[in-house]
Amino acid sequence: MRKEGLSHMNFNTNFNQLTKYEKLNAYMEHVAPILNLDALFCDGTKQYRIPEEPMANDEVNIRFRTARENVDEVYLISTYNRQVMKKIDHDMLFDYYEGTIQLEEAKVEYYFEVRSGHFTCYYNRKGVMNEVQNNYNFVLMPGFQTPNWAKGAVFYQIFVDRFCNGDTSNDVLDREYTYIGEGTSEVNDWNKYPLAMGVREFYGGDLRGVMKKLDYLQELGIDAIYLNPIFVSPSNHKYDIQDYDYVDPHFGVIVKDEGELLQPGDTNNQHATRYITRVTAMENLEASNELFIELVDEIHRRGMKIILDGVFNHCGSFNKWLDKECIYKDEEGYEKGAYVDENSPYRSFFKFRDGTWPYNNRYDGWWGHDTLPKLNYEESPKLYQYIMDIAKKWVSPPFNIDGWRLDVAADLGHSNEYNHKFWKDFRRTVKEANPEAIILAEHYGDPSSWLQGDEWDTVMNYDAFMEPLTWFLTGIEKHSDESRDDLYGHYEAFYGSMSHHMTRFNTQSLLVAMNELSNHDHSRFLTRTNRRVGRTAANGPDAANYGINKAVMREAVLVQMTWPGAPTIYYGDEAGVCGWTDPDNRRTYPWGHEDTGLIALHQELIHIHKSYEALKTGSMIFLCGGNHYFSYGRFDTSDKLVIIVNNLQQEQTIDIPVWQVGIMDTDRLMRIIQTNREGYNLEAKRYPVREGYAKVVMPPESSTIIKTIDTF
């Protein structure tokens with residue numbers, strides 16, 4: 001460990017000449033040990049909390065790390081009491097203290113008080129503090145357990161229509177029906193860019209296409225597949241569901257295919273009889289569900305998982321409960337929709353603002369969109385039960401999905417109070433049916449009130465991953481809507497944002513958080529590397545491809561695969577797909593035109609991620625940072641890894657305090673991968689450790705993983 005040399009004063013000659021203040025300073029400098037704040041550490045992983053996910057009435061052992069022989073006392077201060085922690089172990093660098101908390105059923109908060117001589121500090125989830133800040137206390141939530149399979153799992157998100165067309169017989173046809181004023185369009189050129197208003201154009205991707213590419217996903221190293229919505233819906237994105245009970249036959253199987261397409265100029269969907277047959281005939285709906293069962297079984301046979309997108313805040317205007325397009329009203333086996341008939345059994349599912357029947361369009365839409373009717377749970381116990389049954393149905397046999405991703409989950413209901421009640425009930429329903437199912441919500445902002453152990457497991461990690469990393473590496477907002485030079489390469493802003501937002505998760509939620517660089521709602525990360533503001537309507541789609549920087553993309557992927565959480569690849573990111581924010585980010589996967597070098601990098605980094613448990617469930621500590629660079633460590637009892645990122649357009653030499661992850665001067669460090677402007681290399685390189693520091697020369701726009709060689 002690096003120590004500055006001390007000037008040894010002659011106490012006999014000089015001490016009596018000092019003032020009282022100078023005498024105190026001299027004592028502190030030459031006699032009292034200086035508290036090493038950088039050595040203090042604790043988190044919620046299994047090294048420091050035993051058990052890490054305790055149940056009610058469990059006894060929990062809490063551990064805390066300090067530098068060797070460096071503190072006088074450590075106190076564990078919890079909701080229940082204040083106790084002196086006992087030193088139970090040590091190694092060459094650190095002492096380890098332990099205290100015990102006896103849980104009951106309620107959650108327990110705790111933090112640490114550390115004393116050394118006359119100095120006192122506090123430690124919580126944010127780190128070292130000079131005063132108590134309860135907002136950052138550690139929290140024990142009895143019974144809150146997240147699925148072990150999801151901790152550090154590598155997810156792959158698929159926007160089904162754009163991934164692979166495995167069955168052309170189910171493709172949406174030209175003028176099959178109208179949506180938002182215009183007829184549907186069958187795209188025959190797989191490589192065509194999406195239109196700026198392309199919600200009604202279809203490329204033909206489907207579930208057989210996903211099945212066809214499972215070998216590719218398995219070779220890539222994927223653990224779990226997340227599908228954007230697949231239920232019957234009129235749009236290509238399918239966030240406007242018209243039937244929650246069935247997979248859309250355009251993604252599944254069309255057995256019965258009778259009827260007519262719309263004539264040019266005809267916008268009345270009651271005349272779209274071929275579409276009506278395709279999406280209402282039980283032969284098609286049941287066959288599509290059967291195909292989905294086959295897909296899930298095959299995914300599970302390969303040792304992978306699958307989760308679906310649950311859109312429960314709103315449905316679509318085509319929904320059989322509303323039936324604004326009147327496509328169900330004359331079909332056998334369907335009740336009249338609430339738009340059609342005042343006495344519909346579904347009238348309470350929607351909030352009508354006066355109006356008259358039949359054909360009452362005075363209903364609430366989400367954000368005012370009449371194509372997205374807001375679901376009216378508070379006034380409809382029947383709707384509430386229907387959706388609870390849907391939540392249970394798909395995680396249960398014979399479908400057996402492994403969880404739900406919840407769309408705009410914080411918007412559900414008409415009040416915050418009801419929202420929390422609903423998700424509590426949803427969790428009970430899902431977990432009773434499938435205890436290993438994950439409940440993962442889309443959320444922007446502080447998610448902590450939903451992550452108390454009785455609602456969501458975790459969220460899509462915008463605030464503590466995508467956003468801060470994007471600002472640091474590109475200076476561009478995640479939609480490519482704004483540029484911020486003050487955040488570009490600014491380590492203090494990056495550290496401040498990450499270290500704060502990560503505390504909004506308990507560890508069991510953080511380890512399963514969905515860490516994405518891109519997705520269907522934001523610009524492709526590779527496009528953000530061009531550092532340009534734009535959208536496809538204003539700039540054109542070609543502009544998203546120009547000026548991109550693959551070296552920065554490689555840095556981002558290396559961070560993604562080493563950051564706490566579940567790294568999630570948005571289909572095509574690994575193949576070099578570009579795109580502005582939606583709909584341009586929903587380009588097709590470039591089969592036959594992939595960036596094979598970028599795919600190979602993903603394979604290598606996924607392999608590394610899966611090879612070391614420390615990268616999936618281990619501790620994480622920030623080591624250092626500065627102008628366009630940062631370094632952090634991941635470690636557990638078996639492995640110690642150090643990650644370095646240099647985003648500067650020139651070489652930097654960085655002194656990294658590797659001692660903070662437990663690496664000593666006698667240890668040998670080896671580079672296991674480095675990305676750079678040319679690509680990446682796996683050539684081993686050794687780094688000596690001197691006084692607790694490793695000096696690493698980082699090429700321009702590069703990233704590196706190094707680890708102790710004795711466990712390499």
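Everything numeric here is computed off the predicted structure, so don't read it as measured data.
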Salt bridge between Asp584 and Arg535, side-chain N to carboxylate O under 4.0 Å? no
Separation of Glu436 CD from Lys305 NZ (nearest 0.5 Å): 7.0 Å
If you measure from the Lys or Arg side-chain nitrogens to the Asp or Glu carboxylate oxygens, is any gap between Arg405 and Glu442 under 4.0 Å? yes
Taking the six-membered ring for Trp, are Tyr48 and Phe41 parallel (under 30°), tilted (30 to 60°) or perpendicular (over 60°)? perpendicular
With side chains defined as the heavy atoms from C-beta onward, is the minimum distance between Phe292 and Leu308 less than 4.5 Å? yes
How about Tyr216 and Tyr156: does a side-chain donor come under 3.5 Å of a side-chain acceptor? no
Taking Arg634 for the side chain and Ala614 for the main chain, is one N or O donor matched with an acceptor at less than 3.5 Å? yes
Before accepting this row, confirm whether a basic side-chain N of the pair Glu53/Lys151 lies closer than 4.0 Å to the acidic partner's carboxylate O. yes
Hey, which of Thr527, Asn585, Asp573 is the one that makes side chain to side chain donor-acceptor pair (under 3.5 Å) with Ser518? Asp573
Sub-3.5 Å donor-acceptor pair from the side chain of Asp457 to the main-chain atoms of Pro147, do we have one? no
Looking at Ile438 and Ile307, what are the two nearest heavy atoms and their distance? CG2-CG2, 3.9 Å
Please work out whether the ring planes of Tyr491 and Phe494 are parallel, tilted or perpendicular, with thresholds of 30° and 60°. tilted
Count the heavy atoms of every other residue, nucleotide or ligand shown that sit under 6.0 Å from NE2 of His300, and state whether that count exceeds 12. yes
If only atom types and distance count, is the side chain of Asp636 paired as donor or acceptor with the main-chain N or O of Asp639 below 3.5 Å? yes
Can Asp215 and Arg302 be counted as an ion pair, charged N to O under 4.0 angstrom? yes
Scan side-chain atoms only and decide if Arg528 and Thr470 contain a donor-acceptor pair under the 3.5 Å cut-off. yes
If you compare all heavy atoms of Asp667 against all heavy atoms of Gly662, which two are closest, and at what distance to 0.1 Å? OD2-O, 4.0 Å
Less than 4.5 Å apart, any side-chain heavy atom of Val557 and any of Glu574? no
May I ask you to check if Lys238 and Phe251 form a cation-pi contact, with NZ or CZ under 6.0 angstrom from the six-membered ring centre and within 45° of the axis? yes
Would you mind checking if Glu298 and Arg301 are paired as a salt bridge, meaning a charged N to carboxylate O distance below 4.0 Å? yes
Does Ser509 offer a backbone N or O that forms a donor-acceptor pair with the side chain of Thr458 under 3.5 Å? yes
For the atom pair CZ (Phe622) and CG (Asp38), what is the distance rounded to the nearest 0.5 Å? 13.5 Å
What pairs of residues pass the salt bridge (charged side-chain N to carboxylate O under 4.0 Å, His left out) test when at least one of them lies in residues 600-627, not counting sequence neighbours? Asp223-Lys610, Glu613-Lys616
Does the side chain of Phe505 come within less than 4.5 Å of Val459's, by heavy atoms? yes
For Asn515 and Gln560, indicate whether the former's side chain and the latter's backbone hold a donor-acceptor pair under 3.5 Å. no
What heavy-atom pair brings Tyr612 and Ile672 nearest, and what distance separates the two atoms? CE1-CD1, 4.2 Å
Determine the sole option in Phe163, Tyr203, Tyr571 for which the ring-ring contact (aromatic ring centres under 6.0 Å, His included) test with Trp591 is passed. Phe163
Could you tell me whether a side-chain N or O of Gln649 sits under 3.5 Å from a main-chain N or O of Glu701, the two making a donor and an acceptor? no
Report yes if some heavy atom in the side chain of Asp595 is under 4.5 Å from a heavy atom in the side chain of Lys550; otherwise report no. yes
For Tyr462, ring pair (Phe, Tyr, Trp, His ring centres under 6.0 Å) partners two or more places apart: Tyr444, His522
If only side-chain N and O atoms count, and only distance matters, is there a donor-acceptor pair under 3.5 Å linking Gln157 with Asn519? no
Is the ring pair Phe465/Trp563 parallel, tilted or perpendicular, if the boundaries are 30 and 60 degrees? tilted
Quick one: do Asp463 and Arg504 make a salt bridge, cutoff under 4.0 Å? no
What's the shortest heavy-atom distance between Asp43 and Ser619, and which atoms? OD2-OG, 2.7 Å
Give me each pair satisfying salt bridge (charged side-chain N to carboxylate O under 4.0 Å, His left out) with a member in residues 553-572, each pair once, sequence neighbours excluded. none
Side-chain donor or acceptor of Thr675 paired with backbone N/O of Ser703 under 3.5 Å: yes
Side chains of Val689 and Met664: closer than 4.5 Å at any heavy-atom pair? no
Mind checking whether Met460 and Leu440 have side chains closer than 4.5 Å, heavy atoms only? yes
Is it possible for you to check whether Lys695 lies under 6.0 Å from the centre of the six-membered ring of Tyr693, through NZ or CZ, and within 45° of that ring's axis? no
Got a donor-acceptor contact below 3.5 angstrom from the Asn646 side chain to the Tyr629 backbone? no
Would you say the side chain of Lys192 lies within less than 4.5 Å of the side chain of Glu201, judging by non-hydrogen atoms? yes
Does any non-hydrogen side-chain atom of Met620 lie less than 4.5 Å from one of Thr45? no
Does the plane of the ring in Tyr239 sit parallel, tilted or perpendicular to the ring in His520? Use 30° and 60° as the thresholds. parallel
